[in-house]
Amino acid sequence: GAVVSQHPSRVICKSGTSVKIECRSLDFQATTMFWYRQFPKKSLMLMATSNEGSKATYEQGVEKDKFLINHASLTLSTLTVTSAHPEDSSFYICSARDLEQGALTNYGYTFGSGTRLTVV
Amino acid sequence: AQSVTQPDIHITVSEGASLELRCNYSYGATPYLFWYVQSPGQGLQLLLKYFSGDTLVQGIKGFEAEFKRSQSSFNLRKPSVHWSDAAEYFCAVGPPGGNKLTFGTGTQLKVEL
């Protein structure tokens, strides 16, 4: 079945530095990937929709300059948390749509295993 | 705007007992409905989904869910829980013709042996 690999699984960084998280579709091509943020005891909040070869679409309230998303190929999307602060500490999850799942509206998504970011 | 409510934050059941996890949604029409499971350190795995048709949906791992339009609910059930079912369960909705999922806050399931 479709597999999405997310790396790293855990990262600790110092306040003020930048961190890059990778989301790769291993055995399928993904024109669309989604980035979510999960707070403790909270649901997954969609941050942005990443489309291959074009600019990401950010949800309301998500800082574009803070959370840089690049989707340069059909198998890789990256989320860079710039100038990280402790309040950016969270669990970040990506999901990707397998083209073979049919229309985007079929919601045929595969999720990565997430990245636990801790900013100290 | 669509929203999802999972009233139970934590549920504990004994192995072999039946399980029902509640999910209520708010949406102008009938959305697409989903249940996902997340094991510690893992991504979300789709258990089942409802788009239309038969309101009782069968999923993987012996789970089923029933869509009740009158109650705006999509509760997840399993007749006999196994210890390996301990995980976090998320209900989600998505608009037909759209592509964005809205998740509930999740229910943490603990299974006592």
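Model, not experiment: these values are computed from the prediction.
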Top contributor to chain A contacts, counting heavy-atom pairs under 4.5 Å, from B:K100, B:Q38, B:Q45: B:K100
Structural part of A:T49 lying under 4.5 Å from a heavy atom of chain B: side chain
Note, A:F34 side chain near B:L101 side chain (heavy atom, < 4.5 Å): no
Within 6.0 angstrom of A:K66 NZ, more than 12 heavy atoms from elsewhere: yes
Pairwise side-chain contact, A:T110 with B:L46, heavy-atom cut-off 4.5 Å (strictly under): no
Chain B contact via A:I93 - which portion, at a heavy-atom distance below 4.5 Å: side chain
Portion of A:F91 that has a non-hydrogen atom of chain B nearer than 4.5 angstrom: side chain
Within 6.0 Å of CZ in A:R10, more than 12 heavy atoms from elsewhere: no
Part of A:Q6 within contact of chain B (heavy atom distance under 4.5 Å): neither
Rounded distance (nearest 0.5 Å) linking atom CD of A:Q38 with atom CZ of B:F103: 9.0 Å
A:F111 side, atom CZ; B:F90 side, atom CZ - distance, nearest 0.5 Å: 10.0 Å
Same cluster (ILVMFWY, side-chain, under 4.5 Å), A:I21 and A:V62: yes
B:H82 atom NE2, over 12 foreign heavy atoms within 6.0 Å: yes
Joint hydrophobic cluster, B:I60 plus B:V111, side-chain heavy atoms closer than 4.5 Å: yes
Common cluster, A:F39/B:I9, ILVMFWY with side-chain heavy-atom separation under 4.5 Å: no
Non-hydrogen atoms of A:S43 and B:G104 that approach each other most closely: CB-O, 2.6 Å
By side chain to side chain donor-acceptor pair (under 3.5 Å) - contacts of A:K20 (at least two apart): none
